[in-house]
Amino acid sequence: MTKEKTVKPLKVKIPPVFRKRYTEAQYKKKILGKLFIAADKAFVESLYATEMDPKKGGTRYVLDASLIKDKKTMKRVAAIGKEIKKQKGRINLGNVIAALACCLVLVLTLVVFRNQIARAVIVSSMQGAFGAKCEVRSLDVNLLDTHFGIEGLAQASREDPMKNLFEAGKIDVKFDLLELSRGKLVAENVEITGVTWGTARATSGKLPPRAEKKFAERQKNAKPNPVQEKLSAEFNRLKSGISVGSGISAVKDQLDPAKYIEQEKASLLSPAVVAEVQAIVPALTDKWSARADDARKKADAAMADAKAVSAIKPQTMKTAAEVKSALDTVTKAADTSKDALAFAQTASKEIGTDTATVRDLSAKAEKAIAADSARLKGLAASVKSINLQTGSRAVSGLFDSFIAGTLGTYYPYYQKGMSALAMMQSSSKDKKEKGESLKDKANALSRLPGRDLSFGSGSMPSFAMRRVKLSAGDASGTMSGNADAENVTNDQERLGAPTTFAAAFAHGAMSERVSGKLDFRAAATERVNAGFDVGGYPVTIPSAGSGIPGVSGKLGSVGTLIVSPDGTLVIETTVRVKEANLTVPAFDPEFLHSMYADVLSGIKTVDLGVRATISPAGEVSVQVSSGIDKVVNEALQAGIARQVERVKAEVKKYAENWIADQKKAYSSEIAQFTDISSKVTDALTDAKSGGKAIDGKKAELEARGREIAADAVKQGLDKAPVPDAVKGTLEKLW
Amino acid sequence: MFSYIKSFFQALNANAHPGDIAHAVALGLLLALVPKANLLWAFIFFLTMFIRVNKGAFFLALILLSFVTPFADPALEAIGYGILTFGPLQGAYRFLYDTPFVGLTRFNNSVVAGSFAAGIVLYVPAYLLFLKLVTAYRGKLQPKIVNSKAYKVFLNLPLIKQIANAPSLGGFDK
């Protein structure tokens, strides 16, 4: 039995828009009016049929579902139905409600969390700028009251995290809401009070590692300013080139007896002779030292033998045997004596040549010493005056390096400040002059900036603070200050006024007052014209070396700072060091040091005129002048003139000592050789003397021997029977 | 971008109201003309989000025309300056300038004013032009294209398929 294939009837789903029955007008508007594709329109029309309205009468349009016979047709009907459904009013109410809700949430968030947001922005900015933690105790942003206030702002120091770089007790800004709504920050009054710096922190101000790394990287990537580098090199060159010691060093040369001898050394004879003696004589001394000792030893031996021989008493000898024994001894001593004599004679003969050489050298040295002594006496007599002309900037020269160093330290800050101020000025003229930036060039499709027109009287720059007041002071009262500025703005052209400022600070014994104006407008003849009056700064300039004074005292300065439109900075100031204490480290000659120190100690005030010019290209010129140099030089010159006789005596004394040293140097060598030579001569004399004594004793013994022999013969004859004639003959033999 | 293109072509070839596309292009032109970064541009942009226009056509017009409008800036600046210095309107400008937050629209900028005015003036012609163009396309060109073999091959291209399957515009294209 086969199962018949049954066809499932199509379940037709009609979109709601096609289920309704429409009048002709409705049909045209709601169906045909919303179909814009001709094919779709024809397709839909083909599906619609007409029928009579049973209630109202008239024709109604209704979709004939029986005409949808396949899925394809049904899908097409469904798609068209969706497209018609999409065509609603122009306003998307759902989106409007969602957007309004978003705006409301955003506004509420900004209102509720405005202080937190502002705090986060300020803290983040400060930490990014200073590289250390920043804390804000309380903060209030109130748009309705047009007020912005910060209390207890503490910025930690990056160098010393346990200290605050500065603290601001209160910052109060009353801003203009209308201008703020125009995207401009315009404040009539800004008050910053309770500013302190260097206060201790309870916790470390070091940034967390991640923020620290970020800051360090930013610092590393910061490109050094080429002009600043050039300036730094110029300041260092200025500092290294300053040598205030040169003057007094030259004077020192004129007062130093050793320098006189040094200058005369080429003309003196004795150094060469002494050197010759020292080269020749010690060698000769070494050469003869051993032989002289040997000669002495041999002479001593001969002398000892002679002494022993001299003790023999021939007359006491009774027998020939005794005499013979003594004669043997004497003969032996005579041999020793002869040997010593021969050695001494040879040595004496040979040393004679060297002795003559040494004697000649000694005579030559004595002659040279005599000549040099006479020359140096004449040299001492020739000292007539001492010239101080090269030491004309002994005191003001000290300040060259100090001022160059101070400018080198603070000029980079000034330059940064001026760059920031110049960049702030956003007049359209400046923008045109600057031309296209790299970013502008890279973005060829950027829009023209256009011209911002102002209407009415309220034509304000985008940033302006009419009055800024700052007061600083700590609880102990050791530090206080206040500053006022007017018309702080980023567009002075638009504001039509320069920025003026006046500030006065006192901390401890120090005080600063500064006032002036900053004018970045195109027609301005001076960009900055400021006057300053600072005082009470303890200053210590240590001595830079021998003969160079050091100064300490309290420094004050009154002057002007002018920056021309081309950026050239000119500082003209009078500097006064009060309670000055000028000292100079000890140097030789002592009397010069003493005199110099006396002159310097009499100076209690140092007045200087300083003019420093720094061009935008980094060329630096520092001129320091002072009348004090003249005073010091004259006093020093007068004092030195009084010391001429003393200098003469010093030179004479030094020359005598020098001559004595020279004599000592050669005479010791000569004496050593003379000792050796004398040793040989003495040995010869002693050997001769010993030999003579031995010879005498020998003769005595021989005579005694003969006497004993004669006595023996006589006694034998007396006893023997020998005729008298023979006896007489024999007796005559003895 | 693909979703914008997809949305635009879907609307063009479906029973979307021609005004949806025409308004979208006209608004795109207006926003392309007005410089960004001011409250006026933001206001018009958000307004567009609340209006039922074809967002694909709007964003395409905005993006493509933004490449062209900078070349018209000198003329727009001149127009804007002329408008802003037009004597009889100074009182109105002063009122606007002194009204809080209106300044954020930067209406007082010559380029903003000129481009906004040009955008408003060009809105109606642009709307009418695109209305005609869409109608003409649907009436004459679209049936021929749809029935052509080239179109069918085109629809089968991988890139076109990818565009067709691109995600929606998050509801804004409805």
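Order of the sequence lines fixes the chain letters, A, B, ..., with proteins taken first and strands second; residue numbering starts at 1 for each chain.
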If I take atom CG from residue Asn109(B) and atom CZ from residue Arg447(A), how far apart are they, to the nearest 0.5 angstrom? 10.0 Å
Determine whether more than 12 heavy atoms belonging to other residues, nucleotides or ligands lie under 6.0 Å from atom OH of Tyr93(B). yes
With a 4.5 angstrom heavy-atom cut-off, could you sort out which part of Asp452(A) is near chain B: side chain, backbone, both or neither? both
Atom group of Pro143(B) that falls short of 4.5 Å from chain A, counting heavy atoms: neither
Output the option from Ala16(B), Gly139(B), Gly80(B) having the highest count of non-hydrogen pairs under 4.5 Å with chain A. Ala16(B)
CG/Leu453(A) to CZ/Phe107(B) distance, rounded to the nearest 0.5 angstrom? 9.5 Å
Partners meeting ring pair (Phe, Tyr, Trp, His ring centres under 6.0 Å) with Phe36(A) (sequence neighbours left out): His17(B)
Interface check, chain A: of Asp20(B), Thr105(B), Asp73(B), Val111(B), most non-hydrogen pairs under 4.5 Å belong to Asp73(B)
Rounded to the nearest 0.5 Å, what's the gap from CG on Asn15(B) to CD1 on Ile37(A)? Could you check? 5.5 Å
Residues of residues 78-85 of chain A near chain B, each having a heavy atom less than 4.5 Å away: Ile80(A), Glu83(A)
In terms of heavy-atom proximity below 4.5 Å to chain A, should Leu47(B) be classed as side chain, backbone, both, or neither? neither
